[in-house]
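Chain letters run A, B, ... following the sequence lines, proteins first, then strands; residues in each count from 1. Keep in mind the model is a prediction, meaning the values are calculated, not measured.
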There are 2 protein chains.
Amino acid sequence: MEKENKKEDRRVRRTRKLLTQALTELMQQKQIKDITVTELTEKADMNRGTFYLYYRDVFDMIDKIEDEMFNGLDRIFAQHSEDVASNQTEPILIDLFSLIEENQEMCRVLLSPHGDMNFLHRLNEVMHDKFLNTWVELRGPLKDNAFDYYYSFAVFGCAGLIHAWVNRSCKESTEEMAKLADRMLRRGSLSVI
Amino acid sequence: MEKENKKEDRRVRRTRKLLTQALTELMQQKQIKDITVTELTEKADMNRGTFYLYYRDVFDMIDKIEDEMFNGLDRIFAQHSEDVASNQTEPILIDLFSLIEENQEMCRVLLSPHGDMNFLHRLNEVMHDKFLNTWVELRGPLKDNAFDYYYSFAVFGCAGLIHAWVNRSCKESTEEMAKLADRMLRRGSLSVI
DNA sequence: ATGTTATCCAACAACATGTTGACTTTTTCA
DNA sequence: TGAAAAAGTCAACATGTTGTTGGATAACAT
């Protein structure tokens with residue numbers, strides 16, 4: 001364990017941070033497709049060539065940023081393994097919404113009209129795997145296709161919830177949101193109004 | 001009424017059709033951002049300049065295609081104005097899923113990882129307007145923010161449902177899907193499994 | 001048959017891209 | 001502290017896409 005857990009070079013941190021800031025700003029102004037590496041590095045006040053040391057293009061950069069969020073997601077599910085098994089969704093949801101809150105700005109742009117559909121699908125995939133795996137373990141193999149529909153509806157629906165939440169600057173607390181999501185999933189979205 | 005309702009030039013129809021076909025194919029292979037006008041027109045076997053007679057760029061083309069689908073959506077809501085007022089969602093949903101089925105391929109790519117987030121938001125907007133307007137008429141002005149969350153959840157959720165459906169090549173009938181959606185919205189998505 | 005319109009073709013400048021090599025600055029670590 | 005390693009700067013390059021143009025040709029409507 002020489003330098004495994006060593007923090008990365010300060011310059012690298014600085015560069016990554018500046019690029020991420022610049023990207024977040026630009027994504028609020030225009031669609032991803034219209035963001036050029038040139039203007040991105042200009043806004044971050046660095047050389048254009050530096051960008052290519054880290055990312056292939058703007059979309060690749062977004063993917064990498066998403067990666068970090070999904071790592072956080074994995075960590076949450078690892079911590080709540082018992083809750084998943086016992087179908088205790090609320091504690092998981094609270095941590096999940098906390099993660100969202102920490103990455104508020106990025107989530108807002110990723111779910112915005114200028115956002116990234118792939119983000120939604122990665123989310124869908126993760127939730128599907130995490131939950132479905134435990135369901136299979138508990139109840140044996142599945143028979144019909146209702147599960148696919150259930151998960152697609154639930155995950156996309158939660159994404160919609162998150163979208164609305166971050167666009168209100170996360171006014172409601174994470175606990176409130178977890179309760180709201182849980183209620184919608186269990187009793188139906190109409191039950192909240 | 002000289003030539004108001006006259007069909008457009010046969011050449012125009014042909015060009016539009018060829019371009020749409022080519023786009024649909026390409027969107028299955030790669031992300032929108034990687035689709036160039038050059039390769040699009042090559043696949044459609046026509047001059048590059050012709051493309052610019054109709055669309056500003058590839059994203060503009062997608063918007064225009066979406067426009068047609070949303071016109072169909074408007075027509076459906078116009079036909080079911082009584083159902084909206086009486087909260088009879090199922091008949092509307094059936095027609096809605098029929099519309100989806102007609103535009104199966106395009107819906108699949110628009111909701112795919114390579115898809116268009118703006119499509120989701122336009123959908124959200126339309127449903128919000130159509131339904132919420134009647135709610136307001138019936139029940140007077142709204143007080144709290146639960147409606148926003150409800151609609152975001154419901155519309156995004158339905159989008160997830162549609163996504164799963166078109167990826168199964170619309171195996172289930174429109175009636176089945178309408179029932180499924182209605183049930184999820186009213187009794188909760190967990191009720192289907 | 002005739003005028004109108006859509007498409008084709010070639011060519012153009014403008015721009016973003018991705019990569020390179022040499023140079024400077026910062027960080028690491030012994 | 002000093003030398004090696006790594007990160008970033010800068011200028012330059014070939015390449016490909018873009019959006020637009022003017023004139024020729026073909027397809028269409030009446």
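- For the pair Trp165(A) and Tyr149(B), the minimum side-chain heavy-atom distance is below 4.5 Å.
- Asp34(A) and Glu39(A) get closest at one heavy-atom pair: O-OE2, 3.1 Å.
- Nearest heavy-atom pair, Leu185(A) versus Ala154(A), reported as atom, atom and distance to 0.1 Å: CD2-CB, 3.6 Å.
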Could you list the donor-acceptor pairs under 3.5 angstrom formed by side chains in residues 109-124 of chain B, with sequence neighbours left out?
| residue | atom | partner | partner atom | Å |
| --- | --- | --- | --- | --- |
| Ser112(B) | OG | Val109(B) | O | 2.8 |
| Ser112(B) | OG | His114(B) | N | 3.2 |
| His114(B) | ND1 | Lys30(B) | O | 3.3 |
| Asp116(B) | OD1 | Asn118(B) | N | 3.0 |
| His121(B) | ND1 | Met117(B) | O | 3.1 |
| His121(B) | NE2 | Leu111(A) | O | 2.9 |
| His121(B) | NE2 | His163(A) | NE2 | 3.4 |
| Arg122(B) | NH1 | Glu66(B) | OE1 | 3.3 |
| Arg122(B) | NH1 | Asp67(B) | OD1 | 3.1 |
| Arg122(B) | NH2 | Asp67(B) | OD1 | 2.5 |

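- If you check residues 54-68 of chain A against DNA chain D, the residues with a heavy atom closer than 4.0 Å are Tyr54(A), listed by number.
- For dT7(C), the OP1/OP2 oxygens have no side-chain nitrogen or oxygen of Arg11(B) closer than 4.0 Å.
- Remark: Ser173(A) pairs with Glu175(A), Glu176(A) by the side chain to side chain contact (heavy atoms under 4.5 Å, CB included) rule, at least two apart or across chains.
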Practice prompt. Test side-chain hydrogen bond (donor to acceptor under 3.5 Å, both in side chains) on Thr89(B) and Arg186(B) and set out the steps.
Written response: CA-CA 10 Å; Thr89(B) 46; Arg186(B) 294 180 185 280; 3.1 Å; yes

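- Annotation: proximity of residues 28-53 of chain B to DNA chain D (heavy atom, distance under 4.0 Å) is found for Thr36(B), Val37(B), Thr38(B), Arg48(B), Tyr52(B), numbered in ascending order.
- To the nearest 0.5 Å, atom CD of residue Gln104(B) and atom CG of residue Leu99(B) are 12.0 Å apart.
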Could you list the donor-acceptor pairs under 3.5 angstrom formed between side-chain atoms of residues 48-61 of chain B and any protein atom two or more places apart in sequence or on another chain?
| residue | atom | partner | partner atom | Å |
| --- | --- | --- | --- | --- |
| Thr50(B) | OG1 | Asn47(B) | O | 3.4 |
| Asp57(B) | OD1 | Phe59(B) | N | 3.1 |
| Asp57(B) | OD1 | Asp60(B) | N | 2.8 |
| Asp57(B) | OD2 | Lys33(A) | NZ | 3.1 |
| Asp60(B) | OD2 | Arg56(B) | N | 3.0 |
| Asp60(B) | OD2 | Lys64(B) | NZ | 3.0 |

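- In this structure, Arg14(B) places its CZ atom 8 Å from P of dT7(C), rounding to the nearest Å.
- When the local axes at the two ends of the helix from dA1(C)-dT30(D) to dA30(C)-dT1(D) are compared, using 5 base pairs at each end, they differ in direction by 40° after rounding to 10°.
- Taking CD from Glu102(B) and OG1 from Thr174(B), the interatomic distance works out to 10.5 Å, rounded to the nearest 0.5 Å.
- Separating the CG atom of Asp9(B) from the P atom of dA29(D) is a distance of 6 Å, rounded to the nearest angstrom.
- Phe77(B) has its side chain within reach of Met127(B): a pair of non-hydrogen atoms, C-beta onward, lies under 4.5 Å apart.
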